[in-house]
Amino acid sequence: MPKLGMEPIRKEALVKATIVEIGRAGSLDVTVSQIAKRAGMSSALAHHYFGSKEDMFLAAMRHILTLYGAEVRGALAAADGAEGRIRAILRASFSASNFRREAVSAWLNFWVLAQSVPQARRLLAVYQGRLRSNLIAALRPLAGDRAPEIAESLGALIDGLYLREVLKSGAPDGAAAVDLALRHLEAELERGA
């Protein structure tokens, strides 16, 4: 007889194990058995909850996106002024919880998966749309009509810094990433002045 109330706990354990295993491997070349073992359960139970490795990975990305979204909303709520809102978005994008080795590896593999899996492509489009919208709203008072253009370049810079981080060794440096993004923003604002 199944234990009542265990499903959400086990699913969360599998999601976290998926993120860790992808971070360890640096790719989607992990097995359901490896993920289940890290989560402390059988691969049959993992398949029962998610059906496939792809479904586990999509659940892991939804988890990462949910945490990221909550962090951005919290940072924006505490931000003061347009520049403070931009800084809040950048700090959330490169925070210790979002810009860690496992999450960065998951993102890299998410971009690859989005090329061939419609659900992943849709999730990525939602993330990109929200990031763009948040950046445009924060940039409009500073850059006027150039806000969409600058938001695109900042979004690309964020993605690029994640891609470059995968190739480095050691812990990701979120503070350096925020500094680089702010220097880019300052250059863009000066160029338009």
Side-chain angles (χ1 to χ4, degrees), residues 5-28 30 34-36 38-41 46 49-50 53-79 84-114 117 119-138 151 154-166 168 170-178 180-181:
M6 289 303 292
E7 182 175 349
I9 294 167
R10 289 179 177 153
K11 279 186 169 183
E12 182 178 352
L14 285 165
V15 162
K16 289 179 179 178
T18 301
I19 295 166
V20 170
E21 284 299 311
I22 289 169
R24 183 194 56 73
S27 73
L28 293 177
V30 296
Q34 289 170 307
I35 294 167
R38 180 163 300 273
M41 63 189 81
Y49 287 126
F50 287 103
K53 181 175 73 170
E54 185 178 285
D55 291 338
M56 272 185 251
F57 186 62
L58 288 170
M61 282 314 301
R62 282 187 199 94
H63 175 76
I64 287 172
L65 288 167
T66 298
L67 294 177
Y68 170 74
E71 192 161 346
V72 169
R73 285 188 301 278
L76 287 172
R85 292 178 63 79
I86 295 168
R87 287 178 181 274
I89 294 165
L90 294 173
R91 279 194 309 271
S93 295
F94 299 111
S95 71
S97 59
N98 292 313
F99 200 54
R100 65 186 198 283
R101 179 69 48 210
E102 295 87 8
V104 170
S105 288
W107 272 104
L108 176 66
N109 288 285
F110 181 50
W111 286 315
V112 171
L113 193 66
V117 176
Q119 292 165 307
R121 190 175 310 117
R122 185 186 61 75
L123 275 177
L124 185 57
V126 168
Y127 155 75
Q128 289 173 332
R130 287 181 183 160
L131 176 63
R132 185 174 192 278
S133 174
N134 283 331
L135 287 170
I136 289 172
L154 275 176
L157 180 66
I158 291 168
D159 290 348
L161 288 169
Y162 269 73
L163 288 171
R164 283 189 173 191
E165 196 58 46
V166 167
K168 293 181 181 176
D173 187 350
V178 170
L180 180 63

Checklist entry - Among all residues two or more places apart in sequence or in another chain, which pass the ring-ring contact (aromatic ring centres under 6.0 Å, His included) test with F57? => result none
Checklist entry - Mind checking what makes ring-ring contact (aromatic ring centres under 6.0 Å, His included) contact with Y68, not counting sequence neighbours? => result Y127
Rounded to the nearest 0.5 Å, what separates atom [atom1] in [X] from atom [atom2] in [Y]?
| X | Y | atom1 | atom2 | result |
| --- | --- | --- | --- | --- |
| R10 | E12 | CZ | CD | 13.5 Å |
| L113 | Q119 | CG | CD | 9.0 Å |
| I158 | L131 | CD1 | CG | 4.5 Å |
| L157 | L161 | CG | CG | 4.5 Å |
| L154 | I89 | CG | CD1 | 9.0 Å |

Heavy-atom closest contact ([X] atom, [Y] atom, distance):
| X | Y | value |
| --- | --- | --- |
| V20 | E102 | CA-CG, 4.0 Å |
| G23 | S105 | CA-CB, 3.7 Å |
| L14 | A39 | CD2-CB, 3.8 Å |
| Y162 | S93 | OH-O, 2.5 Å |
| N109 | S27 | OD1-CA, 3.3 Å |
| A59 | V15 | CB-CG2, 3.9 Å |

Checklist entry - Would you call the rings of W107 and F110 parallel, tilted or perpendicular if under 30° counts as parallel and over 60° as perpendicular? => result perpendicular
Item to check | All side-chain contact (heavy atoms from CB on, under 4.5 Å) counterparts of V30, not counting sequence neighbours | outcome: E21, I22, R24, A25, Q34, I35, K53
Item to check | Residues forming a side-chain contact (heavy atoms from CB on, under 4.5 Å) with E71, sequence neighbours excluded | outcome: A92, S95, S97, N98
Checklist entry - Does any non-hydrogen side-chain atom of L124 lie less than 4.5 Å from one of W111? => result yes
Checklist entry - Is N134 close to L76 at the side-chain level, that is, under 4.5 Å between some pair of heavy atoms? => result yes
Checklist entry - Does any pair with a residue in residues 128-137 pass salt bridge (charged side-chain N to carboxylate O under 4.0 Å, His left out), and if so which ones, sequence neighbours excluded? => result R132-E152
Next on the checklist: Please determine whether the number of non-hydrogen atoms from other residues, nucleotides or ligands lying under 6.0 Å from atom CZ of R164 exceeds 12.
Outcome noted: no
Compile the donor-acceptor pairs under 3.5 Å between side chains in residues 60-67 and protein atoms, sequence neighbours left out, one pair per line.
residue: T66; atom: OG1; partner: R62; partner atom: O; Å: 2.8

Item to check | Check: A171 main-chain N/O paired with R101 side-chain donor or acceptor under 3.5 Å | outcome: no
Checklist entry - Does the R73 side chain pair with the main chain of G69, one donor and one acceptor, at a distance under 3.5 Å? => result yes
Item to check | Test log, rule side-chain contact (heavy atoms from CB on, under 4.5 Å), inputs L58 and F50 | outcome: CA-CA 10 Å; L58 288 170; F50 287 103; over 6 Å; no
